Amino acid sequence: MNRIDRLTALLVHLQSKSQVPMTELEGRFEVSRRTLFRDIRSLIEAGVPIGGDAAVGYGIVKGYHLPPVVFNKQEAGSILLGAKMIEQTADQATSKSFQEALYKIKAVLRYADRDYLESLEKNISIIPNAQIRDRGFPDSHLTEVQQAIVGKNILELDYFSNYKEQVTSRNVEPLGIVFYSNRWHLIAYCQLRKGLRDFRTDRIKKIRISNDIFDPALHPNFQNFTRDMMRGTDAKEVILKFRKDVARIIGDQKYTYGFIEETELGGEIEMKFAVPLYEWIGRWLMQFGNAVTVVYPEKLKNIVSSYSKELFMHHKKSQNPVT
């Protein structure tokens with residue numbers, strides 16, 4: 001990146017936040033701190049009101065605005081891909097807002113780039129998860145959740161518990177949202193349970209943003225909580241070997257059963273899972289017959305063997321009915 005392009009990109013980056021740490025600028029532009037100091041000085045001399053220092057970071061003084069930004073076709077193409085993904089992974093309100101933003105982006109493109117984007121849009125398709133395709137993406141209240149996270153407002157929820165099959169009213173302190181297993185999840189401190197909890201946003205029946213404010217600093221980092229949860233802190237480890245041709249067709253099913261990682265071993269794929277119950281994943285494995293082998297633990301081997309015998313006896317009995 002030449003210096004003119006770097007100065008322009010630096011100006012846009014500084015405009016994107018109230019304060020940008022020097023480490024963040026060094027990571028993005030891959031130049032020395034001394035070079036960045038020189039670039040910032042050049043922008044100040046050009047009349048851009050930049051405040052701050054190396055210790056806390058730099059930002060553009062409130063009230064200053066950049067002239068309209070023009071996207072190039074590669075940038076617009078990346079945003080288009082994002083829009084296609086959002087259509088399949090967000091609720092209607094969020095998807096609609098993003099589409100409105102995309103119209104505005106198209107409006108400021110050069111004519112040649114606009115034609116490029118229109119041509120590209122016709123040739124991009126995201127195939128949704130079968131469940132989402134059949135029922136449509138549910139209203140996940142993502143707009144209200146985002147507002148509450150930024151405003152540090154307590155949320156009042158009517159939440160459906162799938163395990164107890166009942167709706168409970170809760171006040172929660174929203175810390176962040178995470179997308180996994182084809183759903184958005186709200187990570188929040190639940191005042192009822194006195195701890196961090198994972199709420200599937202499509203199970204929120206009613207939501208209200210209260211005027212009560214909370215302090216996120218009083219709670220653990222939600223990202224650490226999510227990582228621990230995904231690793232299955234209280235779950236049981238399972239190691240399986242799938243025949244490679246079968247591993248390819250499993251697709252997203254594995255994420256439903258606590259998939260963590262996989263390793264290719266010759267003609268097989270070894271997969272590691274974290275599961276709450278061995279019986280739960282054992283039933284799933286029955287459909288793969290001899291194309292899957294339980295490596296660990298021994299208890300799961302015994303469970304799958306028991307299920308296999310049970311299935312064998314069931315079908316044997318149906319072939320030779322008692323007369």
Side-chain angles (χ1 to χ4, degrees), residues 88-89 126-138 140 159-168 178-185 193 197-205 228-323:
Q88 305 301 340
T89 60
I126 305 294
I127 300 175
N129 172 274
Q131 186 179 20
I132 296 174
R133 184 180 63 241
D134 295 340
R135 298 191 303 172
F137 206 92
S140 298
Y159 185 75
F160 176 74
S161 172
N162 195 47
Y163 297 108
K164 295 184 178 179
E165 294 188 346
Q166 65 182 21
V167 176
T168 58
V178 183
F179 185 81
Y180 69 89
S181 298
N182 293 306
R183 295 295 181 211
W184 283 102
H185 297 248
R193 303 302 182 194
R197 292 293 185 270
D198 176 351
F199 299 95
R200 261 182 52 173
T201 57
D202 60 309
R203 290 181 180 161
I204 297 174
K205 300 303 180 183
D228 290 342
M229 179 183 63
M230 295 298 288
R231 280 198 297 264
T233 305
D234 299 321
K236 301 171 178 64
E237 184 180 70
V238 167
I239 300 175
L240 308 168
K241 278 186 181 179
F242 286 90
R243 215 168 56 210
K244 190 178 289 187
D245 60 324
V246 173
R248 282 198 296 267
I249 64 173
I250 289 175
D252 289 343
Q253 288 183 50
K254 60 190 178 187
Y255 294 103
T256 304
Y257 292 89
F259 172 77
I260 299 175
E261 61 184 10
E262 66 180 39
T263 305
E264 185 171 344
L265 301 173
E268 294 179 306
I269 303 293
E270 184 176 276
M271 297 187 188
K272 184 180 291 186
F273 295 78
V275 300
L277 294 169
Y278 292 134
E279 292 81 1
W280 186 53
I281 196 170
R283 294 288 184 189
W284 178 59
L285 297 179
M286 295 302 296
Q287 64 183 299
F288 303 113
N290 62 0
V292 61
T293 301
V294 177
V295 178
Y296 177 86
E298 196 68 27
K299 183 174 181 180
L300 180 58
K301 293 180 183 179
N302 295 334
I303 288 172
V304 173
S305 176
S306 173
Y307 288 163
S308 299
K309 292 175 182 176
E310 178 185 298
L311 188 63
F312 172 76
M313 294 304 297
H314 170 74
H315 288 292
K316 184 178 181 180
K317 185 178 179 181
S318 66
Q319 287 178 339
N320 301 289
V322 177
T323 56

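Every value quoted in this text rests on a predicted model; they were computed, and no experiment measured them. In what follows, residues are counted from 1 in the order of the sequence shown.
Across Tyr257 and Val275, no two heavy atoms sit closer than the pair O-CG1, 3.4 Å. Here the closest non-hydrogen pair linking Lys301 and Val295 is CE-O, 3.5 Å.
Interatomic distance, Phe273 CZ to Ile260 CD1, rounded to the nearest 0.5 Å: 9.0 Å. In this structure, CG on Leu300 lies 11.0 Å from OG on Ser305, to the nearest 0.5 angstrom. Taken from OG1 in Thr293 to CD in Glu270, the straight-line distance is 10.5 Å, to the nearest 0.5 Å. To the nearest 0.5 Å, the span separating CD1 on Ile250 from CD on Glu262 amounts to 9.0 Å.
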Pair Tyr159-Arg200, side chain to side chain contact (heavy atoms under 4.5 Å, CB included): steps then yes or no: CA-CA 9 Å; Tyr159 185 75; Arg200 261 182 52 173; 3.8 Å; yes
Test side chain to side chain contact (heavy atoms under 4.5 Å, CB included) applied to Leu311 and Tyr307, step by step: CA-CA 6 Å; Leu311 188 63; Tyr307 288 163; over 6 Å; no
Candidate pair Glu268 and Phe242, rule side chain to side chain contact (heavy atoms under 4.5 Å, CB included), full reasoning: CA-CA 6 Å; Glu268 294 179 306; Phe242 286 90; over 6 Å; no
Full working for side chain to side chain contact (heavy atoms under 4.5 Å, CB included) between Ile269 and Thr263: CA-CA 6 Å; Ile269 303 293; Thr263 305; over 6 Å; no
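Of the possible polar contacts, one joining the Ser308 side chain to the Val304 backbone as a donor-acceptor pair under 3.5 Å is found. In this structure a side-chain-to-backbone donor-acceptor pair under 3.5 Å is missing from Thr201 to His185. Between the side chain of Lys244 and the backbone N or O of Gly266 there is at least one donor-acceptor pair closer than 3.5 Å.
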Between side-chain atoms of residues 277-286 and protein atoms elsewhere (two or more places apart, or another chain), which donor-acceptor pairs fall under 3.5 Å?
from   : atom 1 : to     : atom 2 : distance (Å)
Trp284 : NE1    : Gln253 : OE1    : 2.9

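Residues Arg243 and Val292 form no side-chain contact, since every pair of their non-hydrogen atoms from C-beta on lies 4.5 Å or further apart. Under the 4.5 Å side-chain criterion, counting only non-hydrogen atoms from C-beta, Val238 is not in contact with Met271.
Checked for salt-bridge contact, Glu237 and Lys272 meet the test: a charged N lies under 4.0 Å from a carboxylate O.
Around the NZ atom of Lys299, the shell of radius 6.0 Å holds no more than 12 heavy atoms that belong to other residues, nucleotides or ligands.
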